[in-house]
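A quick write-up on the structure given underneath.
Proteins get letters first, then strands, A, B, ... in listed order; numbering begins at 1 in each.
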Amino acid sequence: MDKSKRLFLQGAGAILAGISLYQTRLATAREPQASKVKYALLHDETLCIGCDACTLACREANQVPADVTRLTMVRSGPFGEYPNRRYHFSRQSCQQCENAPCVTVCPTGAAYIDAQTGIVKVDDWKCVGCQYCIAACPYKVRFIHPVTRAADKCDFCADSRLQHGQQPACVSACPTKALIFGDISNQLAPITRLIKHNAVDRDKVSLGTRPKLFKIRAPSGEVIL
Amino acid sequence: MSPFHFDGLVWHWPIAIYLFLAGMSAGAIFFAILLKYFCLKQHAHHSSFVIAACIIAPLTIWAGLGILVIDLTKPLDFWKILVFYNPLSVMSLGVMVLLVFQLFMFAWIAIVFAVPLSAWLSTRLPLAERLLQQLTRYEAGITGLTMILSLALGAYTGFLLSALPGYPLLNNPVLPLLFLISGLSSGAAGALLLGVLLKGQADSREVKFIHKIEIPLILTELVMLFTFFAGLVLSGGQRQVAAWNALGPGFWGWVFWGGIIGLGLSLPLAMNLFMTASAQRRFSYVAATASMSLLGVLLLRHFILYTGQMTSL
């Protein structure tokens, strides 16, 4: 009787100590570091052929159900006269804002910016589904995931691929290399050089959201009024 | 485009009803406080209108919160909002205001009914009676904080929507003030309607007191609505487009001009002025005016919520 009580106390103590150590390790893992990585994506619309390989790859890599999507290619046109007739393709997905409205409005902190990578992420467990983030996002890229019932969106494949050292699924799938992914805090990264040497654009910059989805626009070949 | 289903619509009518009920709760307590300290003094607990306001305030806030919880995609996880806070989130701040508001609202209601309540408690729950006596010692402080919290709650319903940067109509600094004023008038209307239904005298000094405040309140609301839309139109661009989409011909245009401006504001204003001028107030007049006011506020919440999401930047 006495011995089992002592064993129980020792066991419980060991488990508690283990849990608290694990918690502190988690807490330190979340802390921002000096060499902060800022992941960004560049979509070169002049190279894009609108094949939707990115959309399909995203769906497969992140197991996105059929009636929702993290990534849409918006097609407009046709513009111009034959033989210079063309369509225009624009990427619609999370812009990974540095000043993200979804993160500001989230009441539980389920929407947050990962300190390690600068990626806007969603904590499925903390999300209660108030949909405030969906209403607050000026880019309209958030949705309720039918399975988790939590808000969901593109996270640059942070959990599905990045942590295994792979590029985001859309980037790997693109046949024309129209998508370039990388760390813009690294001056030598290909994406940083491309952004510096091209006339890049970002959506709705006037809102002060500081998006990190950069775009090299294609000439539309027509005046749209 | 269907008025209740369109692209970009995120929040549906349950949110509008929640905003209506939260504003009404704040307004009911606000007017109960005014009635007690500026009109009835020590006799407040006898008044049907004070009783009505003290019934409405907790019921509406609970009904509103219930709707809010059911409207979550994970209703059973609602407790996470109470455990995790984000000080930058308007909704998170609103949850804090709601919790503290309820605390002070019950404390204040207990103080108003301290005399009958302590008589009832003295033989049954002497400990609770002693607690009530302690509470009444802090009446001034509790009343002041309840007043401030009711104003904060009323304004919060507007800040909740104005914090959305993607919708030019909602992202408007006048919205919290507009919702505060209309919320207060809905509280007054609710107290009047339930008050006369609880056999309160239609020609009593409480009704005259509330009507005296309601007239400038309605006029202020009209000015707020004008400023709200004039501001949008003068800002140009998508803000102007949003204003004309809301006010122009169509379902929501009818709701605004006929329902809100006509039935909800002009008619009650005219009837209040008529009742102030005429010798005696009648039950039917008071009840009909209050019902029109309530309808107007309910329509305003729906109108702003839906038209606000119709146009995005």
(Q) Report which part of A/Ile134 has an atom under 4.5 Å of a heavy atom belonging to chain B: side chain, backbone, both, or neither. (A) both
Q) If you tally heavy-atom pairs under 4.5 Å against chain B, which of A/Cys137, A/Ala110, A/Cys127 wins? A) A/Cys127
Q.
Heavy-atom count check: over 12 atoms from other residues, nucleotides or ligands less than 6.0 Å from B/Phe251 CZ?
A. yes
Q) Under the ring-ring contact (aromatic ring centres under 6.0 Å, His included) rule, what pairs show up with a residue in residues 91-110 of chain A, not counting sequence neighbours? A) none
Q.
Quick check for you: among B/Leu170, B/Leu164, B/Val83, B/Leu82, which has the greatest number of heavy-atom pairs under 4.5 Å with chain A?
A. B/Leu164
Q) Side chains of A/Leu207 and B/Leu313: closer than 4.5 Å at any heavy-atom pair? A) yes
Q: May I ask you to test the A/Cys130-B/Leu72 pair for a side-chain heavy-atom distance under 4.5 Å?
A: yes
Taking 3.5 Å as the threshold, show me the donor-acceptor pairs across chain B and chain A, one per line with distances to 0.1 Å.
from	atom 1	to	atom 2	distance (Å)
B/Trp11	NE1	A/Cys130	O	3.1
B/Thr73	N	A/Gly129	O	3.1
B/Thr73	OG1	A/Arg149	O	2.6
B/Lys74	N	A/Val128	O	3.2
B/Lys74	NZ	A/Asp124	O	2.7
B/Lys74	NZ	A/Cys127	O	2.7
B/Lys80	NZ	A/Trp125	O	2.6
B/Asn86	N	A/Pro107	O	3.3
B/Asn86	ND2	A/Val103	O	3.2
B/Asn86	ND2	A/Thr104	O	3.1
B/Asn86	ND2	A/Cys106	O	2.8
B/Ser89	N	A/Thr104	O	3.4
B/Ser89	OG	A/Val105	O	2.4
B/Ser92	OG	A/Pro107	O	3.2
B/Leu160	O	A/Tyr132	OH	2.5
B/Tyr167	OH	A/Lys140	NZ	3.2
B/Leu313	O	A/Lys204	NZ	2.9

Q. Of the backbone (N, CA, C, O) and the side chain (C-beta and beyond), which part of A/Ala150 lies under 4.5 Å from a heavy atom of chain B, both, or neither?
A. both
Q) Where does B/Ile15 contact chain A at under 4.5 Å (heavy atoms): side chain, backbone, both or neither? A) neither
